[in-house]
Amino acid sequence: MVLHYSDASIINGLKKKESSSIKVLYREFFPVVRYIVEKNSGNHQDAEDVFQDGLIVLYKRILSPSFTLHCSLKTYFYAICKNIWLKRLERKCRLLYQADFEVQDDHEDYSVNADRLKELHLEKMRLYQHHFLTLPQDCQTILTLFLKKIPLKEIAGLMGLKDENYAKTRKYLCKNMLRRRIFNDPRCQQFLEYD
């Protein structure tokens, strides 16, 4: 039998970091998030990433003393995730359109641009590798296994984690730690400017 929880009990559970509240959120709210993402050019993995980002935003907001819920928690969470996904889509589109404008008819200019792109790619890889190596060893291992397309269930077994969901959460936290380190590096700014 599936129990239904009130918004207040879910919020209180999140504040206390109870895993049961996260499971309820996932069971009740993930299908809606997946629908909006997949309906708008995304896939299941994108939906999981948006859901995880939405959880972090929700958690930070409910910890704020001024937090007040003026609609259902499901509607509120849906709005958070929809905004996250639309911002990602907007950024992707901006990058695609800017890439189109950078293509020029002059062959010489194009080859200079191609050389610059290769150089930027190498610099990006160096930056990524530098910050990857600063991660804790377990994060390096989880991300390496994930990039090798090893299933999360198998990763959990190899890493001695309690289950697949915990492996997914650890992978997500490690990925975000790496992103933050890269984006906070002053060298990253040149890539954003070039994009």
Side-chain angles (χ1 to χ4, degrees), residues 1-93 135-136 138-181 183:
M1 182 174 116
V2 177
L3 296 174
H4 292 282
Y5 295 86
S6 69
D7 290 350
S9 66
I10 294 172
I11 289 169
N12 286 333
L14 289 174
K15 285 180 179 177
K16 295 175 184 175
K17 299 180 181 178
E18 293 174 353
S19 62
S20 59
S21 293
I22 293 173
K23 287 178 185 171
V24 169
L25 274 177
Y26 193 86
R27 185 185 72 225
E28 301 281 337
F29 299 177
F30 181 73
V32 177
V33 174
R34 185 180 61 220
Y35 174 77
I36 190 67
V37 169
E38 291 180 349
K39 183 180 158 197
N40 290 286
S41 308
N43 58 35
H44 187 82
Q45 183 62 49
D46 293 325
E48 288 189 351
D49 287 344
V50 168
F51 184 85
Q52 294 280 345
D53 286 344
L55 269 179
I56 290 171
V57 171
L58 177 65
Y59 181 72
K60 287 178 180 176
R61 288 188 184 171
I62 65 173
L63 291 181
S64 166
S66 61
F67 175 77
T68 319
L69 193 62
H70 297 288
C71 58
S72 75
L73 184 60
K74 190 171 194 172
T75 301
Y76 188 74
F77 188 74
Y78 173 83
I80 290 170
C81 292
K82 184 176 179 182
N83 286 335
I84 290 169
W85 182 242
L86 292 178
K87 283 180 186 176
R88 286 189 187 173
L89 281 179
E90 182 181 38
R91 185 167 190 278
K92 279 183 185 178
C93 288
L135 292 174
D138 66 323
C139 280
Q140 290 182 37
T141 305
I142 287 172
L143 292 176
T144 301
L145 293 171
F146 183 74
L147 288 172
K148 290 180 178 177
K149 304 212 182 292
I150 294 176
L152 287 168
K153 189 171 187 176
E154 197 174 323
I155 291 174
L158 290 168
M159 298 286 300
L161 304 174
K162 67 180 181 179
D163 60 23
E164 183 179 352
N165 286 334
Y166 187 71
K168 185 190 313 182
T169 302
R170 288 291 300 145
K171 184 260 310 179
Y172 177 78
L173 293 172
C174 292
K175 194 165 85 173
N176 273 354
M177 185 188 305
L178 179 59
R179 277 188 195 146
R180 276 194 309 275
R181 290 180 184 195
F183 286 127

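It should be emphasised that the depicted structure is a prediction, and the values quoted were computed from it without experimental measurement.
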What donor-acceptor contacts under 3.5 angstrom involve side-chain atoms of residues 142-168, with partners at least two apart or in another chain?
from	atom 1	to	atom 2	distance (Å)
Thr144	OG1	Gln140	O	2.6
Asp163	OD1	Asn165	N	3.3
Asp163	OD1	Tyr166	N	2.8

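- With contacts defined as side-chain heavy-atom distances shorter than 4.5 Å, the pair Ile22/Thr169 does not qualify.
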- Task: Tell me, with the steps shown, if Glu48 and Phe30 meet side-chain contact (heavy atoms from CB on, under 4.5 Å).
- Result: CA-CA 8 Å; Glu48 288 189 351; Phe30 181 73; 3.8 Å; yes
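- Nearest heavy-atom pair across Ile10 and Ser21 is O-OG, 3.6 Å.
- Ser20 is linked by a side-chain hydrogen bond (donor to acceptor under 3.5 Å, both in side chains) to nothing, counting only residues two or more places apart in sequence or in another chain.
- With sequence neighbours excluded, no residue satisfies salt bridge (Lys or Arg N to Asp or Glu O under 4.0 Å) with Lys82.
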Would you give me the side-chain donor-acceptor pairs under 3.5 Å for residues 73-80, sequence neighbours excluded?
from	atom 1	to	atom 2	distance (Å)
Lys74	NZ	Glu28	O	3.4
Thr75	OG1	Ser72	OG	2.8
Tyr76	OH	Arg61	NH1	3.4

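- The minimum heavy-atom distance between Trp85 and Gly42, with the atom names listed, is CZ2-CA, 3.6 Å.
- Distance CG/Leu55 to SG/Cys81: 7.5 Å, rounded to 0.5 Å.
- For Asn176, the side-chain contact (heavy atoms from CB on, under 4.5 Å) partners two or more places apart in sequence, or in a different chain, are Asp53, Ile56, Tyr172, Arg179, Arg180.
- More than 12 heavy atoms of other shown residues, nucleotides or ligands fall within 6.0 angstrom of atom OH in Tyr59.
- Scanning all heavy atoms of the two residues, the minimum distance from Pro136 to Met177 falls at CD-SD, 3.7 Å.
- Looking at residues two or more places apart in sequence or on another chain, you find no side-chain hydrogen bond (donor to acceptor under 3.5 Å, both in side chains) involving Lys171.
- Residues satisfying the ring-ring contact (aromatic ring centres under 6.0 Å, His included) test with His70, not counting sequence neighbours, are none.
- Contact detail for Phe67 and Ile11: the closest heavy-atom pair is CE2-CD1, 4.1 Å.
- Going from atom CG of Leu63 over to atom CG of Leu58 covers 9.0 Å, rounded to the nearest 0.5 Å.
- Contacts of Thr68 classified as side-chain hydrogen bond (donor to acceptor under 3.5 Å, both in side chains), with partners at least two apart in sequence or in another chain: none.
- Annotation: salt bridge (Lys or Arg N to Asp or Glu O under 4.0 Å) contacts of Asp138 (sequence neighbours excluded): Arg170.
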- Could you go step by step and tell me if Asn83 and Val57 meet the side-chain contact (heavy atoms from CB on, under 4.5 Å) rule? CA-CA 11 Å; Asn83 286 335; Val57 171; over 6 Å; no
